[in-house]
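Contents: one structure, followed by commentary.
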Amino acid sequence: MNRRQFIFRSLALTVAASTGYAVYQYQSLQGTDNAAVLVLDALLPAVLMGALPADARSQQLSLQQTRDAVLEFLAYLPQSQQQQLHQLFQLLQQDLARLALTGQWLQLADLPLTQRLSLLLSWRDSYFSLLQQAFSGLRELIYGAFYGQPQHWQAMGYSAPEFNP
């Protein structure tokens, strides 16, 4: 290989790599909502364990309403927090990133419920403040969405205040 061939091949490799990276970024942005749905569907039962209704049908409905409430509430968060949560959802959907964050190769939905809960608790007790922040943010977001729904107030013994005009 002479010098000219080396330069042309290097240039071609650089163009191919940058194009691939741009396409990957575009696809990542397109799949953000899907990643959020998949991660929330996997984590909601673990976070809300014990608070969900006993009936399977009511439990599924409650999980779906909570997921929808979380997704709606994301738009009201500051832009930086929205980006951080979307990045977390994306990372938890990518195989290598999930392996680094969770130590699991399997998708979160494929893990047993107890293993998902222990994963979240390991984030809470982690030495890495980033994992602690991810645990706290997800927990607060999920609890706010779940307990913000009026149908869950009775189980807590909460009644909304009445205002007299």
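What you see is a predicted model; the values in this text were computed from it and never measured.
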Distance-minimising heavy-atom pair for [X] and [Y]:
X	Y	result
L77	Q82	O-NE2, 2.7 Å
Q93	V39	OE1-CG2, 3.7 Å
P45	L40	CD-O, 4.4 Å
L91	A97	O-CB, 3.3 Å
L92	R98	O-NH1, 3.2 Å
A46	R116	CB-CB, 3.9 Å

What is the distance from atom [atom1] of [X] to atom [atom2] of [Y], rounded to the nearest 0.5 Å?
X	Y	atom1	atom2	answer
Q133	F128	CD	CZ	14.5 Å
L121	S126	CG	OG	12.0 Å
Q104	L111	CD	CG	5.0 Å
L85	S80	CG	OG	9.5 Å
S58	Q65	OG	CD	9.5 Å
L141	L43	CG	CG	11.5 Å

Path from [X] to [Y] over hydrophobic side-chain contacts below 4.5 Å:
X	Y	result
L108	L117	no
V47	M49	no
W123	L113	no
L120	L130	no

Member of L63, L44, T66 meeting the side-chain contact (heavy atoms from CB on, under 4.5 Å) criterion with L52: L63
What I'd like to find out is whether the side chain of [X] reaches to under 4.5 Å of the side chain of [Y], using heavy atoms alone.
X	Y	answer
V70	F73	no
D95	Q107	yes
R67	L71	yes
S62	F146	yes
Y143	L138	no

The criterion is salt bridge (Lys or Arg N to Asp or Glu O under 4.0 Å); which residues satisfy it with D68, sequence neighbours excluded? none
side-chain contact (heavy atoms from CB on, under 4.5 Å) between Q84 and L88, intermediate numbers included: CA-CA 6 Å; Q84 289 173 351; L88 177 64; over 6 Å; no
For the pair F89 and H86, name the ring-plane relationship: parallel under 30°, tilted 30 to 60°, perpendicular over 60°. perpendicular
For L96 and W105: C-alpha separation, side-chain torsions, deciding distance, then whether side-chain contact (heavy atoms from CB on, under 4.5 Å) applies. CA-CA 8 Å; L96 291 176; W105 187 257; 3.9 Å; yes
side-chain hydrogen bond (donor to acceptor under 3.5 Å, both in side chains) filter on T102, not counting sequence neighbours, yields none
